[in-house]
Amino acid sequence: MLYKAPRGTTDILPEEQSYWTYVQDKAASLCCLYGYQPIDTPVFEDQKLFARSSSHGTDLAEKEMYVFEDRGGQLLALKAEGTAPVCRAYLEHGLFNLAQPVRLYYLSAIFRYERPQAGRYRQHHQFGFEAIGDADPSLDAEVIELAQHFLLSLGLSGFSLQLNSIGCRQCRPAYIRALLSHYAGHAQKLCPDCQTRREKNPLRLLDCKNATCQEIADSAPAIRKYLCAECQEHFQKVQQYLEILGIPFQLNNKLVRGLDYYTRTVFEFQPEEEGAQKTIGGGGRYDDLIEALGGKPTPAVGFAAGIERIILNLKTQNISLPSPPAATVFLIHIGGKAKLETVKLAATLRQAGIATISAVGDRSLKSQLRQAHNRGFPTVIIVGEEEIDAQQAILRDMSTGTQQNIPFGEIVSAVTTSCG
RNA sequence: GUGGGUGUAGCCCAGAGGUUAAGGCGCCAGGUUGUGGCCCUGGAGAUCGAGGGUUCGAGUCCCUUCACUCACCCCA
């Protein structure tokens with residue numbers, strides 16, 4: 001074999017496509033229901049858009065981006081994340097002039113140079129949505145409601161909603177100081193990863209999986225005790241709205257999100273099954289991001305889910321999909337003269353909106369029927385010399401095996417009635 | 001980037017240094033005139049992931065490399 005799909009990428013074969021259309025259709029129809037409008041952004045952007053937005057300390061910004069220089073010397077990056085491009089478009093096209101908040105959603109390929117593993121790819125796909133331009137905590141709740149509605153409407157169950165607030169730039173620094181002074185007493189017990197986290201991304205100390213680090217994290221001060229009055233109130237209201245909506249959640253003071261732009265509300269949906277790459281989706285508020293991209297201070301909140309991980313869960317939970325309608329009619333010919341007729345008939349049926357496939361080649365009748373059977377056609381039309389002489393075709397119902405002769409001119413109506 | 005496991009046909013896989021690499025699924029074709037499914041028979045399909053090495057001889061042993069996979073890391 002000369003070529004293979006690049007590492008961490010996959011082909012989505014026809015047999016897999018039903019999962020994709022199922023998920024994509026649900027996403028689109030629910031977004032419509034909640035008043036979110038579709039937006040598409042380019043597959044590549046100015047590299048600085050991602051570098052700046054995901055900020056210091058994150059692997060995404062530092063070593064996971066697909067960066068390349070184009071022929072004009074521009075430094076570009078494949079879309080590493082969905083939110084920053086949407087915010088860029090919001091600024092670039094003056095969407096802040098519309099009534100706020102602006103509600104947008106996207107389905108997009110995302111590229112990250114990581115070591116592939118189950119549920120983790122170098123090219124994966126995300127469904128995400130953003131509500132930009134208002135700080136109302138009811139908007140946080142709406143985003144969570146839509147996210148949960150989406151997962152439930154797919155038939156998924158057994159996942160939990162983890163919820164936390166990580167404060168804002170006013171109150172977080174005090175917490176970071178408290179956190180670091182807590183860890184200062186345990187410095188030599190920490191794993192090497194946590195040693196670097198202390199320097200680069202202290203919040204990340206909280207969700208280390210190492211057992212001794214966990215103990216230290218468990219006894220660490222909780223960020224919610226350090227929230228400023230405004231963040232405190234905001235978080236209270238988010239919870240209040242969620243309770244009114246009847247959405248169960250677990251407060252998790254060790255939940256911090258990977259991207260650095262989050263403020264206040266953060267949340268994640270996780271299935272119960274163990275496994276490293278388990279988060280199926282998550283999001284939060286990012287009130288400082290648009291300002292960081294050169295806009296006016298603009299509060300916003302959003303969510304993104306990995307489509308591959310959702311499909312993984314659909315499979316492990318054995319969720320059956322609505323079967324898509326297959327081609328309904330298979331045309332069989334006996335002899336070359338009959339083939340002229342079936343080619344013509346196929347065109348007529350398709351003009352009438354009936355999905356039709358013609359047998360090709362010069363296989364035996366037996367072989368053509370076997371093909372129709374193996375491919376699951378409910379209806380078969382057979383034309384041979386005798387039928388041409390009589391100007392009619394045989395209409396065969398494959399499930400019952402019953403046949404009737406139909407004049408060529410009446411085929412369309414006969415198929416329409418027999419297929420309902 | 002780090003560590004463990006695995007690579008034999010489209011898929012599942014047997015094969016513990018010695019003819020022509022076995023089987024199942026699937027595919028194709030036959031089982032007497034123009035009729036599918038079940039059954040029977042036959043066929044096609046594998047440079048054994050790739051590249052080196054050891055050996056008279058390597059799918060089998062060694063090294064390298066690539067890919068998949070699990071965990072770390074990170075994240076969706």
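Everything numeric in this text was worked out from a predicted model, so none of it was measured. Throughout, a chain's letter reflects where its sequence line sits, starting with A, and its residues are numbered from 1.
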message = I need the NE2-C1' distance between A:His125 and B:A76, as an integer number of Å.
response = 12 Å
remark   = Separation of B:C74 atom P from A:Glu81 atom CD, nearest Å, is 18 Å
inquiry  = Looking only at the side chains, is there a donor atom on one of A:Gln162 and A:Ser160 sitting less than 3.5 Å from an acceptor on the other?
reply    = yes
task = Could you pull out the closest heavy-atom pair between A:Thr83 and A:Glu130, with the gap in Å?
result = OG1-OE2, 3.0 Å
ask   = Rounded to whole angstrom units, what separation is found between the CD atom of A:Glu114 and the C1' atom of B:A71?
value = 15 Å
query = Is any side-chain N or O of A:Arg120 closer than 4.0 Å to OP1 or OP2 of B:C73?
reply = no
ask   = When only distance counts, do a donor and an acceptor, one from the side chain of A:Arg112 and one from the base of B:A76, lie under 3.5 Å apart?
value = yes
task = Considering only atom P, compute the distance from B:A14 to B:U6 and round it to an integer number of Å.
result = 12 Å
request  = With sequence neighbours left out, write down each residue that passes side chain to side chain contact (heavy atoms under 4.5 Å, CB included) with A:Glu45, or none if nothing qualifies.
outcome  = A:Thr41, A:Pro42, A:Leu49, A:Phe50, A:Pro85, A:Arg88
request  = Go through the structure and list residues passing side chain to side chain contact (heavy atoms under 4.5 Å, CB included) with A:Ala135, not counting sequence neighbours.
outcome  = A:Arg285, A:Pro299
query = When the C1' atoms of B:C27 and B:G10 are considered, how many whole Å apart are they?
reply = 9 Å
remark   = Assign each of A:Arg363 and A:Ala305 the nucleotide of RNA chain B bearing its closest heavy atom; nearer the 5' end lies the nucleotide of A:Arg363
For a quick test of your reading: what N or O donor-acceptor pairs under 3.5 Å do the side chains of residues 105-113 of chain A make, sequence neighbours left out?
{"residue": "A:Ser108", "atom": "OG", "partner": "A:Lys79", "partner atom": "NZ", "Å": "2.7"}
{"residue": "A:Arg112", "atom": "NE", "partner": "A:Ala80", "partner atom": "O", "Å": "2.9"}
{"residue": "A:Arg112", "atom": "NH2", "partner": "A:Ala80", "partner atom": "O", "Å": "3.1"}

Length of the line joining A:Met65:CE and B:C74:C1', which is rounded to integer Å = 14 Å
task = Between B:G51 and B:A16, how far apart are the P atoms? Round to whole Å, please.
result = 24 Å
task = Can you tell me, in whole Å, how much space there is between the P of B:C13 and that of B:G3?
result = 28 Å
key: Pair partner, B:A21 [Watson-Crick or wobble, under 3.5 Å]   = none
inquiry  = What's A:Gly361 touching, base or sugar-phosphate or nothing? Going by heavy atoms closer than 4.0 Å.
reply    = nothing
message = Categorize A:Tyr121 for me: base, sugar-phosphate, or nothing, with a 4.0 angstrom heavy-atom threshold over every strand shown.
response = base
remark   = Taking a pair to mean Watson-Crick or G-U wobble geometry with both distances below 3.5 Å, B:C73 pairs with none
request  = Go ahead and name the base partner of B:C68; Watson-Crick or wobble counts if both distances stay under 3.5 Å, otherwise write none.
outcome  = B:G5
Distance-only check: which donor-acceptor pairs under 3.5 Å involve side-chain atoms of residues 186-193 of chain A, not counting sequence neighbours?
{"residue": "A:His186", "atom": "ND1", "partner": "A:Lys189", "partner atom": "NZ", "Å": "3.2"}

Using a cutoff of under 3.5 Å, can you pull out all pairs of nitrogen or oxygen atoms linking the protein to nucleotides 2-8 of chain B, with atom names and distances?
{"residue": "B:U2", "atom": "O4", "partner": "A:Arg115", "partner atom": "NH1", "Å": "2.7"}
{"residue": "B:G3", "atom": "O6", "partner": "A:Arg115", "partner atom": "NH2", "Å": "3.2"}

request  = For B:G7 and B:C12, measure between their P atoms and round to the nearest Å.
outcome  = 12 Å
Write out a two-atom table: protein N or O, nucleotide N or O from nucleotides 32-36 of chain B, distance below 3.5 Å.
{"residue": "B:G34", "atom": "N7", "partner": "A:Glu386", "partner atom": "OE2", "Å": "3.3"}
{"residue": "B:G34", "atom": "O6", "partner": "A:Glu386", "partner atom": "N", "Å": "3.0"}
{"residue": "B:G34", "atom": "O6", "partner": "A:Glu386", "partner atom": "OE1", "Å": "3.4"}
{"residue": "B:G34", "atom": "O6", "partner": "A:Glu386", "partner atom": "OE2", "Å": "3.1"}
{"residue": "B:G34", "atom": "N1", "partner": "A:Glu387", "partner atom": "OE1", "Å": "2.7"}
{"residue": "B:G34", "atom": "N1", "partner": "A:Glu387", "partner atom": "OE2", "Å": "3.2"}
{"residue": "B:G34", "atom": "N2", "partner": "A:Glu387", "partner atom": "OE1", "Å": "3.4"}
{"residue": "B:G34", "atom": "N2", "partner": "A:Glu387", "partner atom": "OE2", "Å": "3.3"}
{"residue": "B:U35", "atom": "O2", "partner": "A:Arg396", "partner atom": "NH1", "Å": "2.8"}
{"residue": "B:U35", "atom": "O2", "partner": "A:Gln403", "partner atom": "OE1", "Å": "3.0"}
{"residue": "B:U35", "atom": "N3", "partner": "A:Gln403", "partner atom": "OE1", "Å": "2.7"}
{"residue": "B:U35", "atom": "N3", "partner": "A:Gln403", "partner atom": "NE2", "Å": "3.4"}
{"residue": "B:U35", "atom": "O4", "partner": "A:Gln403", "partner atom": "NE2", "Å": "3.2"}
{"residue": "B:G36", "atom": "N7", "partner": "A:Arg396", "partner atom": "NH2", "Å": "2.7"}
{"residue": "B:G36", "atom": "O6", "partner": "A:Arg396", "partner atom": "NH2", "Å": "2.8"}
{"residue": "B:G36", "atom": "N1", "partner": "A:Met398", "partner atom": "O", "Å": "2.3"}
{"residue": "B:G36", "atom": "N2", "partner": "A:Met398", "partner atom": "O", "Å": "2.8"}

Pairing residues for A:Arg7 by the side chain to side chain contact (heavy atoms under 4.5 Å, CB included) criterion, not counting sequence neighbours = A:Arg115, A:Pro116, A:Arg122
inquiry  = Can you tell me how far apart CG (A:Leu251) and CG (A:Leu161) are? Round to the nearest 0.5 Å.
reply    = 9.5 Å
ask   = Considering residues at least two apart in sequence or located in another chain, which fulfil the salt bridge (charged side-chain N to carboxylate O under 4.0 Å, His left out) criterion with A:Asp46?
value = A:Lys48
request  = Considering just the side-chain nitrogens and oxygens of A:Arg197, establish if one lies under 4.0 Å of OP1 or OP2 belonging to B:C74.
outcome  = yes
Nearest-Å distance for atom pair CG/C1', residues A:Leu156 and B:A76 = 14 Å
request  = Not counting sequence neighbours, which residues clear side chain to side chain contact (heavy atoms under 4.5 Å, CB included) with A:Thr212? List them please.
outcome  = A:Asn210
remark   = Whole-Å distance, A:Leu13 CG to B:G10 P, equals 14 Å
inquiry  = Does either side chain, that of A:Arg257 or that of A:Asn164, offer a donor lying less than 3.5 Å from an acceptor on the other one?
reply    = no
key: Nearest-Å distance once atom C1' is located in both B:U33 and B:U20   = 41 Å
ask   = When you match A:Gln126 and A:Pro116 each to their closest nucleotide on RNA chain B, which lands nearer the 5' end?
value = A:Pro116
task = Name the closest nucleotide to the A:Thr279 side chain, picking from B:A76, B:C68, B:C72.
result = B:A76
request  = Specify the separation, in whole Å, of atom CG of A:Leu205 and atom P of B:C73.
outcome  = 12 Å
inquiry  = Please give the distance between the P atoms of B:G52 and B:G59 as a whole number of Å.
reply    = 14 Å
message = Between A:Arg204 and B:C74, is there a contact of a side-chain N or O with OP1 or OP2 at under 4.0 Å?
response = no
note = Taken to the nearest whole Å, CG/A:Asp11 to P/B:A67 is 16 Å
note = By the Watson-Crick or G-U definition, both distances under 3.5 Å, B:G43 is matched with B:C27
ask   = When the C1' atoms of B:G24 and B:C68 are considered, how many whole Å apart are they?
value = 24 Å
key: Side-chain H-bond candidate by donor/acceptor type, A:Thr265 with A:Asp140, under 3.5 Å   = yes
